[in-house]
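Just so we're clear, the structure is a prediction, and the values are computed from it rather than from any experiment. Values below: every heavy atom of this structure, side chains too, minus hydrogens, waters and symmetry copies. Throughout, protein chains are lettered first and strands after them, A, B, ... in sequence-line order, and every chain is numbered starting at 1.
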Protein chains: 2
Amino acid sequence: MARVKSEKMFENITLAAESLFEEHGYIGTTISRIAKEAGTAPSNVYVYYPSKIEIAFAVFDPWLRARITELEERVAGCAGVREQLTTLVEGLLRDIAGDETGRTLTLVQALATAGKTDEYSPALLHWTEERILGMIARALPDGDPDLLRSLAHVLMLAFDGVALRQNLRRSNEGEDYVVHSILNLLFFTLTASRAPVQRNAAGTARTDDRS
Amino acid sequence: MARVKSEKMFENITLAAESLFEEHGYIGTTISRIAKEAGTAPSNVYVYYPSKIEIAFAVFDPWLRARITELEERVAGCAGVREQLTTLVEGLLRDIAGDETGRTLTLVQALATAGKTDEYSPALLHWTEERILGMIARALPDGDPDLLRSLAHVLMLAFDGVALRQNLRRSNEGEDYVVHSILNLLFFTLTASRAPVQRNAAGTARTDDRS
DNA sequence: GCCGTAAAGCGAATTACATTCGCTATTGAC
DNA sequence: GTCAATAGCGAATGTAATTCGCTTTACGGC
């Protein structure tokens with residue numbers, strides 16, 4: 001063997017990219033700029049990453065995992081079903097998907113511009129969906145498994161939708177409405193799926209934990 | 001006045017763009033190629049459209065409106081609530097958002113790469129959401145208006161999500177699962193919202209029109 | 001400590017595009 | 001028939017990702 005990759009340089013490039021993506025998004029960030037910020041030449045960036053899109057994935061992956069894990073803790077700390085679901089949906093859609101630092105926008109841009117040749121491992125998406133399913137299932141232990149999976153899937157789609165529309169909106173009032181809509185739907189569904197267990201005379205259902 | 005824009009040339013450019021976007025997506029289509037296909041020079045394209053993204057919008061807008069209108073007719077022709085909702089969701093998510101000719105992918109790519117300076121009128125999105133709301137409301141005339149609007153909104157998000165993920169998947173089995181999930185959720189919700197009116201002894205609800 | 005070598009590092013291409021410029025040719029209005 | 005606006009076009013321009021070829025460095029074996 002001979003000369004070895006510098007851990008320091010790898011870190012410089014990754015951190016520079018992270019900071020620039022955050023500030024300017026995927027498309028607004030150039031390899032030249034990343035290199036300059038990392039203190040090297042553009043061509044040397046390709047010693048550490050095979051392409052620009054791989055840098056974006058490398059930056060986004062740990063960020064999303066950290067946010068989801070953090071969200072799991074917050075959800076687990078909530079007392080009732082409604083609080084748990086509200087925390088989950090707000091955290092996922094408003095805080096993470098609607099993230100103002102533009103990281104999900106970065107990913108959306110990267111994914112949208114990814115060519116057929118860019119191999120994007122769906123591992124992160126799977127992982128995320130499983131985590132969301134876990135949170136839902138813990139909130140609704142008696143829920144029908146198929147329905148819970150459907151909920152998780154729809155939440156993932158909504159996540160993508162919110163991220164995509166980041167690029168179109170000025171204000172973020174849209175996200176609040178999204179959160180409201182999903183929770184609206186979720187609570188109706190919750191009512192329906194738990195209805196056989198507890199139902200009052202008026203025909204409306206209530207859970208044992210009020211918010 | 002002097003020389004006037006040729007209607008024929010405008011059509012040539014638009015049709016060439018439509019065909020190329022369909023085949024290669026937004027990013028895979030170049031202005032040079034559009035011009036060649038239209039029988040003119042790249043620079044002349046800019047006499048008819050201010051930018052590449054405007055061409056994409058011009059092509060996508062009438063296509064989406066036609067598909068949605070067509071879907072409205074199909075939904076209206078369905079007999080029961082479940083058939084109507086199934087037709088709506090399948091048509092919207094599998095046929096239109098998951099469109100194999102890649103038109104929604106084209107739009108997603110265009111939107112994702114759109115700079116802050118690109119003015120994209122949200123008129124089309126509003127129009128689409130209103131049409132979806134109309135279809136849902138006609139299927140569920142007794143539904144709570146707020147809930148119906150939430151449903152329409154979530155469907156729009158799912159639409160975006162499906163379109164975005166077009167770029168990641170090889171097969172389209174994912175769309176079938178999406179359709180299943182949404183319908184699953186929808187029917188639970190339907191059950192819940194109609195429950196106060198009709199409910200049988202077992203605590204499960206059923207509507208008056210079975211599929 | 002020295003040497004060979006694989007690989008880091010880098011400046012200069014290369015390639016690909018969207019978009020603009022300056023000029024020529026056309027055509028509609030008078 | 002003349003004028004003038006503008007369609008049409010070939011050649012820039014500018015930007016950005018990625019590659020190339022060369023130089024320099026530093027690890028492993030001796």
Side-chain angles (χ1 to χ4, degrees), chain A residues 1-17 20-21 23-59 106-107 109-120, chain B residues 1-17 20-21 23-59 106-107 109-120:
Chain A
M1 290 301 130
R3 198 169 173 182
V4 102
K5 282 196 208 348
S6 146
E7 191 59 45
K8 183 102 186 341
M9 178 62 80
F10 180 72
E11 219 171 61
N12 282 353
I13 291 171
T14 307
L15 290 177
L20 287 167
F21 283 150
E23 194 174 355
H24 302 111
Y26 180 74
I27 291 172
T29 298
T30 68
I31 296 284
S32 298
R33 193 71 193 286
I34 292 173
K36 185 184 291 183
E37 212 73 16
T40 187
S43 49
N44 200 38
V45 170
Y46 288 87
V47 169
Y48 294 87
Y49 287 103
S51 67
K52 184 181 174 185
I53 204 170
E54 289 296 328
I55 306 178
F57 291 155
V59 165
T106 293
L107 186 73
Q109 290 180 337
L111 291 182
T113 59
K116 308 276 181 272
T117 56
D118 292 308
E119 280 301 327
Y120 176 58
Chain B
M1 288 303 132
R3 197 169 173 181
V4 101
K5 282 194 208 348
S6 145
E7 189 61 44
K8 183 104 185 340
M9 179 61 82
F10 180 72
E11 220 170 61
N12 283 352
I13 291 170
T14 306
L15 290 178
L20 287 167
F21 283 149
E23 195 175 353
H24 302 111
Y26 181 74
I27 292 172
T29 299
T30 68
I31 296 285
S32 298
R33 193 71 193 284
I34 293 173
K36 184 183 292 182
E37 213 73 16
T40 186
S43 50
N44 201 38
V45 170
Y46 288 86
V47 170
Y48 292 87
Y49 287 103
S51 67
K52 184 181 174 186
I53 204 169
E54 289 296 328
I55 306 178
F57 291 155
V59 165
T106 294
L107 186 73
Q109 290 180 337
L111 291 182
T113 59
K116 308 277 183 273
T117 56
D118 292 309
E119 280 301 326
Y120 177 58

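As rounded to whole Å, 11 Å separates atom P of C:dC17 from atom NE2 of B:His24. Atom CZ in B:Arg3 sits about 4 Å away from atom C1' in C:dT26, given to the nearest Å. For the pair A:Asn12 CG and C:dA8 P, the computed distance is 16 Å after rounding to whole Å. Following rounding to the nearest Å, B:Lys5 (NZ) and C:dT27 (C1') show an atom-to-atom distance of 14 Å. Remark: C1' of C:dA8 and NZ of A:Lys8 are 15 Å apart, rounded to the nearest angstrom. Residue A:Lys52 contributes atom NZ, which lies 21 Å from atom P of C:dT15 at whole-angstrom precision. Here the P atom of nucleotide D:dT18 and the CZ atom of A:Arg33 are 18 Å apart, to the nearest Å. What separates OH of B:Tyr26 from C1' of C:dA16 is a distance of 15 Å, to the nearest Å.
Every ring-ring contact (aromatic ring centres under 6.0 Å, His included) that A:Tyr49 has, sequence neighbours left out, goes to A:Phe10.
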Mind running side chain to side chain contact (heavy atoms under 4.5 Å, CB included) on A:Val47 and A:Thr40 for me, showing each step along the way? CA-CA 11 Å; A:Val47 169; A:Thr40 187; over 6 Å; no
Verdict with supporting geometry, B:Val45 and B:Lys52, side chain to side chain contact (heavy atoms under 4.5 Å, CB included): CA-CA 9 Å; B:Val45 170; B:Lys52 184 181 174 186; over 6 Å; no
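Where B:Val4 and B:Thr29 meet DNA chain C, the nucleotide closest to each residue was compared, and B:Thr29 sits on the side nearer the 5' end.
For the atom pair CD (A:Gln109) and CG (B:Leu111), the distance works out to 11.0 Å, reported to the nearest 0.5 Å.
Interface residues of residues 40-48 of chain A facing DNA chain C, ordered by number: A:Thr40, A:Ala41, A:Ser43, A:Asn44, A:Val47, A:Tyr48; criterion, heavy-atom separation under 4.0 Å.
Between A:Gly39 and A:Met9 the shortest heavy-atom distance is O-CE, 4.4 Å.
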Show me the donor-acceptor pairs within less than 3.5 Å that the side chains of residues 23-30 of chain B make with the rest of the protein, sequence neighbours left out.
| residue | atom | partner | partner atom | Å |
| --- | --- | --- | --- | --- |
| B:Tyr26 | OH | B:Ile53 | N | 3.3 |
| B:Thr29 | OG1 | B:Leu20 | O | 3.2 |
| B:Thr29 | OG1 | B:Gly25 | O | 2.7 |
| B:Thr30 | OG1 | B:Arg33 | N | 3.0 |

